[in-house]
Amino acid sequence: MSARERIAGARRVVVKVGSSSLTTLPGGLDPARLTALVDVLGAVRAGGREVVLVSSGAIAAGLAPLQIVGRPRDLATAQAAASVGQLRLVQTYADAFARHGITVGQVLLTADDLTRRSHYRNAHQTVERLLALGALPIVNENDTVATEEIRFGDNDRLAALVAHVAQADALVLLSDVDGVYDGDPRIGPAQLVHTVSSPDDLAAVTLGTAKRNGVGTGGMATKVEAAFIAAHAGVPVVVTSTPQAAAALAGEQVGTLFEPMGRRPGARQFWLRYASRPRGRVLLDEGAVRAVRERHASLLAAGVTGVTGDFLADDPVELVGPDGVVVARGLVAYDAREMPALLGRKTGDLAPEHRREVVHRDEMVLVGRHVGR
């Protein structure tokens, strides 16, 4: 079965829509655009498929009611706009979906909700229960409380994480651009990239970062990064424009298709690789790097040369080689304050309570030179 056919037959899909597809800078929320998207998703639901919607637009929807001109540059004003706009956005969605007999549920997340394992599980359970009850989850970043330190930065990456949290079969990323081009079509000739099978396919492509209407925070670069996260987790992805949503969900040849580039990992492995926030670093000697990378062995104290950060036992940490390259991420078995007494020592020379692995192989994922963040 081709990747397009997999999308057409997907039992559960995550659809992400950007601010530029729902709002205009002077007028805020555009109900006609939103309703057009809802009509598409309502038809998908009527066909027996489950939909999770990741929707931007809260800040942009709050600008006009608060008489704010332009996207806020300071965090407090952006949070205020989000608090007004989120109400309007979800109420408009609720009214539009109600015409299709669909109840919606709001799921507001911060990055902290997915970087902490217990919160990650809770997010999964919430989305799963909403779907089981026949509701359509509408997910957005909780801009009213998110600080710069704990933001996703854009809803594209959030959508890729939600696709795994929701165990989705397909991901569709919608914006005001038809797909990924090999150049900027606004300033010169450019060809649409129809299919991406590996990162090498885009190695020579320069990706834009700015939205035309100034109300979004993402760009094509963030969509490509998100698409690769999902594709490496075994989920086919289409990046296209919002007017082509129905065609994309039907598996038609629109937009840019990112073919699955790996098997779906377990929840813990995916969380460690893409959603965890490392609390520190454990420095490895060359022998430990080879053992971890080539044999996927557990990390023992004998191969550790140092630590940085103030982490606790069971926190995620990065495992770093002598050249500064991140080799893996894992859940460390010791507090940072315990580690100096263990550095470079053989297991048999340690006290019994310190003879367990520093990072067990089952609590570790290899990340190579790129972590995909």
Side-chain angles (χ1 to χ4, degrees), residues 1-16 49-52 54 114-115 117 120-121 123-125 127-128 131 156-173 180 193-203 222-239 248-249 251 255-278 291-299 316 318-319 326-331 359-373:
M1 180 183 296
S2 71
R4 295 277 187 184
E5 290 171 335
R6 284 181 59 181
I7 293 173
R11 179 186 63 87
R12 180 177 295 178
V13 296
V14 171
V15 177
K16 184 268 177 179
R49 304 163 74 185
E50 295 177 329
V51 177
V52 178
V54 178
L114 295 185
T115 58
R117 285 176 64 197
Y120 186 93
R121 290 193 297 268
H124 164 72
Q125 292 168 356
V127 170
E128 198 68 41
L131 292 169
D156 296 307
R157 184 166 179 271
L158 172 59
L161 299 181
V162 168
H164 193 270
V165 167
Q167 299 180 333
D169 304 304
L171 170 64
V172 177
L173 300 175
V180 181
V193 179
H194 294 283
T195 304
V196 177
S197 301
S198 79
D200 292 342
D201 294 338
L202 296 180
T222 68
K223 288 170 182 55
V224 168
E225 179 185 14
F228 277 133
I229 289 175
H232 281 298
V235 179
V237 185
V238 172
V239 176
L249 289 164
T256 300
L257 170 70
F258 287 74
E259 296 182 331
M261 301 172 194
R263 289 184 170 184
R264 188 186 298 269
R268 178 175 295 185
Q269 285 71 33
F270 183 90
W271 174 81
L272 271 172
R273 183 182 296 273
Y274 296 115
S276 65
R277 189 182 297 276
V292 167
R293 181 178 284 158
E294 297 172 13
R295 304 200 309 272
H296 195 194
S298 297
L299 176 62
E318 291 180 323
L319 308 186
V326 178
V327 178
R329 281 186 181 176
L331 301 180
V359 179
H360 193 277
R361 58 184 293 173
D362 293 339
E363 306 283 357
M364 181 193 306
V365 291
L366 299 179
V367 297
R369 294 182 179 272
H370 301 284
V371 181
R373 288 182 61 81

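Quick caveat: nothing in here was measured; it's all calculated off a predicted structure. In this chain, residues are counted from 1 in sequence order.
Not counting sequence neighbours, the partners of E128 by the side chain to side chain donor-acceptor pair (under 3.5 Å) test are R12. Checked against side chain to side chain contact (heavy atoms under 4.5 Å, CB included), H360 has the following partners two or more places apart in sequence or in another chain: S298, E357, D362, E363. Checked against side chain to side chain contact (heavy atoms under 4.5 Å, CB included), A291 has the following partners two or more places apart in sequence or in another chain: R295, A297. Every residue two or more places apart in sequence or in another chain that forms a side chain to side chain donor-acceptor pair (under 3.5 Å) with S197 is listed here: E259. Residues satisfying the side chain to side chain contact (heavy atoms under 4.5 Å, CB included) test with Q125, not counting sequence neighbours, are N122. Legend: residues meeting side chain to side chain donor-acceptor pair (under 3.5 Å) with R11, ordered by chain and number and at least two apart, are E50. For V54, the side chain to side chain contact (heavy atoms under 4.5 Å, CB included) partners at least two apart in sequence or on another chain are V14, K16, V139, N155, L158, A159, V162. With sequence neighbours excluded, the residues forming a ring-ring contact (aromatic ring centres under 6.0 Å, His included) with F228 are F258, listed by chain and number.
When all heavy atoms are compared, the tightest approach of L173 to A227 is CD1-N, 4.3 Å. Considering every non-hydrogen atom in both V292 and L366, the closest pair reads O-CD2, 3.5 Å.
For the side chain to side chain donor-acceptor pair (under 3.5 Å) condition, the pairs that include at least one residue of residues 158-168, sequence neighbours left out, are Y120-H164.
L249 contributes atom CG, which lies 6.0 Å from atom CZ of R49 (distance to the nearest 0.5 angstrom).
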